[in-house]
Amino acid sequence: MEADNKKGHFIESIIIKDIENNKNKGRVITRFPPEPNGYLHLGHAKSICLNFNMAHKFNGTCNLRFDDSNPAKEKQIYIDSIKSTVNWLGFEFGTPLFASDYFEKLHEFAVELIKKDKAYVCSLSPEDIRKYRGTLTEPGKDSPYRERTVEENLDLFTRMKSGEFGEGEHTLRAKIDMASPNINLRDPIIYRVKNASHPRTGDQWCIYPMYDFTHCLSDALEGITHSLCSLEFEDHRPLYDWTLDELETPCHPQQIEFARLNINYTVLSKRKLQRLVEENHVQGWDDPRLPTLEGMKRRGYTPESIRNFCDIIGVSKKESRIDMTILENCLRDDLNEKAPRVMGVLKPLKVTIENYPHDLTEELAAKNHPQKEEKGTRTITFSKEIYVEKDDFMENPPKKFFRLGPGREVRLRYAYLITCKEVIKDESGNVTELICTYDPETRGGNAPDGRKVKGTIHWVNANDCIDAKVRLYDRLFKDENPEQDKQDFIENLNPDSLKELEFCKLEKSLINAAPENAYQFERLGYFCMDSKNQGSKDATKELPVFNRTVTLRDAWAKIAKNP
RNA sequence: UGGGGCGUCGUCAAGUGGCAAGACACAGGGUUUUGAUCCCUGCAUUCAGAGGUUCGAAUCCUCUCGCCCCAGCCA
């Protein structure tokens, strides 16, 4: 089922062609180059999978390289988070690499460029640089410092490096063409002064290379063959190539751009995610509603499901918005295979079986997976008092409702057929309890007389179930495209994206649940224990909290909507 | 009105001159002690539009239209 027998995307075609032509001696080396200035999200997962999969598929390697050339924004915690997230996703990268490891070499390259008179120290202020750059439709003007001598440039650059100047006083610029229709070629800045402390090099440097200079050279230094990046760098490719052409580098990697991932009802940009976190619209970077990989992990997404998703959505240059349901189905597919079945009642409704003995507790066998005998069975208990789901009872059920109602018979999964005899309500008319009878002949759920019972509902034994909280998540935004009509996406937040249920009753076996274990609560969906909740075998602690990862497909929900 | 890209089913996406894959969604039907899973069936005479080349075009040519990106000492 995995990528192998599938037809490839355009990048794969390019790689195959390159291998056929013995380009790079048939080698394939890719890299995933995150800037450690935030947490990874699903969009990164697409890039991670692409880069690692291409490398693996063609017996190559993929480097994890931190693009850490801007100390003002980068932090060690992000480096740690990114490393563990890439591992969690299922990829091995050996020792991580850092652009900052190349600072010395990058500096030498810059000097080489100066010596070739292909770079100069510019002393224009930031505002003047902007003015001289021109606009989209007008060419720029040469900087008055453009014709400084090599010696002067060398001297100034040395002094920049030694900390003689403040931020913004001087920059090192590539000498290309101020009239280029491509703004990236209008003498781009390649080094600037920054007095920030770098998470890895500390205060060793006060000048830092810019992305365009750093990235292509880092790629070349690592022997990258295919440098895959997103569409917005397409305009930078001429600069990528210019730099590598001007300098003596070990190789000249090929930059190939692809469209970044978009998914409806959510946002996938670091900036927007950051805003959601900082303005407390969600509860942190690992909020299970967020498409951050840490949030998805906490929600219960499996790495396999994410990898499979990245696999089936394809790679192209077309900007697209992928349907959330595709992601959810990848998850369901995986969880359906793996998750053991259990029973849990989210909104409990007490049921008393009036003809069941007071003091009896029976043990019943329940399958852990209906299609996989090898997953075995577990024992569940049954007694006179049980809980069923409030939603499984209707006082005036519509035609197609197969569940409980006055006088109706349903099957309790793995237990007995019961019939609703009486509905007890409180003074305000809310149903508080059902009095039912059971048919002792139907132990296990089958009627000896062969009568058909259409509805099967889940339940837990009131005597030994455990109390828990359950968090139900819904889409984060109301609108398919949160940025619709360029209104502030915050206004599109779904106020009901999180619902916490506090009085849930779960079958006893869940006492052993751990955050990394997925369960299917039959008929409800897939759930996992929240990783920030340590659970409680001892009653003095807080209640265990479970996250609903995703619902089951629900045909009834559709019928109920359009009867 | 500068430059760079992109337009194939509701959503993704194959297709590279020989007669529109697949997935999700959707609609029917079957199995089922989860209204789950699973299994069938249906679902683009048409590829942004218009011309042209060709026996033959989503694929080649021309023009038009639409959408995205670029004016950080961010990546």
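Numbers restart at 1 for each chain; the letters A, B, ... are given by sequence-line order, proteins then strands.
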Any side-chain N or O of [X] under 4.0 Å from OP1/OP2 of [N]?
{"X": "A/T137", "N": "B/U1", "result": "no"}
{"X": "A/R133", "N": "B/C73", "result": "yes"}
{"X": "A/K318", "N": "B/C67", "result": "no"}
{"X": "A/R237", "N": "B/G4", "result": "no"}
{"X": "A/K270", "N": "B/A75", "result": "no"}
{"X": "A/R192", "N": "B/A75", "result": "yes"}
{"X": "A/K317", "N": "B/G7", "result": "no"}
{"X": "A/S320", "N": "B/U11", "result": "no"}

Mind checking [X] for me? I need base, sugar-phosphate or nothing, with any heavy atom below 4.0 Å counting as a touch.
{"X": "A/M343", "result": "nothing"}
{"X": "A/T214", "result": "nothing"}
{"X": "A/S180", "result": "nothing"}
{"X": "A/N264", "result": "nothing"}
{"X": "A/P370", "result": "base"}
{"X": "A/E257", "result": "nothing"}
{"X": "A/S123", "result": "nothing"}
{"X": "A/F233", "result": "base"}
{"X": "A/Y208", "result": "nothing"}
{"X": "A/R321", "result": "sugar-phosphate"}
{"X": "A/E234", "result": "sugar-phosphate"}
{"X": "A/D235", "result": "base"}
{"X": "A/T171", "result": "base"}
{"X": "A/H236", "result": "base"}

Any luck finding a side-chain donor-acceptor pair between A/T551 and A/R332 under 3.5 Å?
yes
For the pair made of [atom1] in [X] and [atom2] in [N], what is the distance, rounded to whole Å?
{"X": "A/D392", "N": "B/G35", "atom1": "CG", "atom2": "P", "answer": "8 Å"}
{"X": "A/N446", "N": "B/U32", "atom1": "CG", "atom2": "P", "answer": "12 Å"}
{"X": "A/L185", "N": "B/C69", "atom1": "CG", "atom2": "C1'", "answer": "16 Å"}
{"X": "A/L136", "N": "B/C69", "atom1": "CG", "atom2": "P", "answer": "12 Å"}
{"X": "A/D391", "N": "B/U34", "atom1": "CG", "atom2": "C1'", "answer": "15 Å"}
{"X": "A/E328", "N": "B/U11", "atom1": "CD", "atom2": "P", "answer": "18 Å"}
{"X": "A/F309", "N": "B/U11", "atom1": "CZ", "atom2": "P", "answer": "16 Å"}

Candidate nucleotides B/C68, B/G35, B/C74, ranked by approach to the side chain of A/I559 - the nearest
B/G35
Take atom [atom1] in [N] and the same atom in [M], then report the distance between them in whole Å.
{"N": "B/A50", "M": "B/C65", "atom1": "C1'", "value": "10 Å"}
{"N": "B/U16", "M": "B/G2", "atom1": "C1'", "value": "32 Å"}
{"N": "B/C67", "M": "B/C73", "atom1": "P", "value": "29 Å"}
{"N": "B/C47", "M": "B/C19", "atom1": "C1'", "value": "13 Å"}
{"N": "B/A48", "M": "B/G5", "atom1": "C1'", "value": "16 Å"}
{"N": "B/U59", "M": "B/G52", "atom1": "P", "value": "14 Å"}
{"N": "B/G29", "M": "B/G17", "atom1": "P", "value": "44 Å"}

Would you mind building the protein contact string for nucleotides 24-31 of chain B? One character per nucleotide, 5' to 3', B for base within reach (heavy atoms under 4.0 Å), S for sugar-phosphate only, - for untouched.
SSS-----
Would the distance check show the side chain of A/R403 and the main-chain N or O of A/F393 forming a donor-acceptor pair, the cut-off being under 3.5 Å?
no
Side chain A/R378, main chain A/K367, donor-acceptor under 3.5 Å
yes
Can you find an N or O donor on one side and an acceptor on the other, under 3.5 Å apart, linking the side chain of A/R130 with the base of B/G72?
no
For the base of B/A36, is there a side-chain donor-acceptor partner from A/H458 under 3.5 Å away?
no
Taking pairing as Watson-Crick or G-U wobble with both contacts under 3.5 Å, can you name the mate of [N], or confirm there isn't one?
{"N": "B/U32", "result": "none"}
{"N": "B/U62", "result": "B/A50"}
{"N": "B/C9", "result": "none"}

Is the base of B/G17 syn or anti, if syn means a glycosidic angle within 90° of 0?
anti
Give every residue pair that meets the ring pair (Phe, Tyr, Trp, His ring centres under 6.0 Å) criterion with at least one member in residues 308-329 of chain A, sequence neighbours excluded.
none
For the residue pair A/Y145 and A/V121, establish whether any side-chain heavy-atom pair is separated by less than 4.5 Å.
no
Hey, is A/K73 close enough to A/E35 for a salt bridge, meaning N to O under 4.0 Å?
no
Quick check, are the ring centers of [X] and [Y] under 6.0 angstrom apart?
{"X": "A/Y240", "Y": "A/F233", "result": "no"}
{"X": "A/W556", "Y": "A/F402", "result": "no"}
{"X": "A/Y519", "Y": "A/F527", "result": "no"}
{"X": "A/F157", "Y": "A/H170", "result": "no"}

Start at the 5' end of RNA chain B and walk down; is the nucleotide closest to A/L524 or to A/L231 reached first?
A/L231
Considering heavy-atom distances to RNA chain B, does A/T442 or A/D212 have its closest nucleotide positioned more toward the 5' end?
A/T442
Pi-cation contact, A/Y208 with A/K194 (under 6.0 Å, within 45°):
no
All heavy atoms of A/S69 vs all of A/R192, minimum pair found to be O-NH1, 3.3 Å
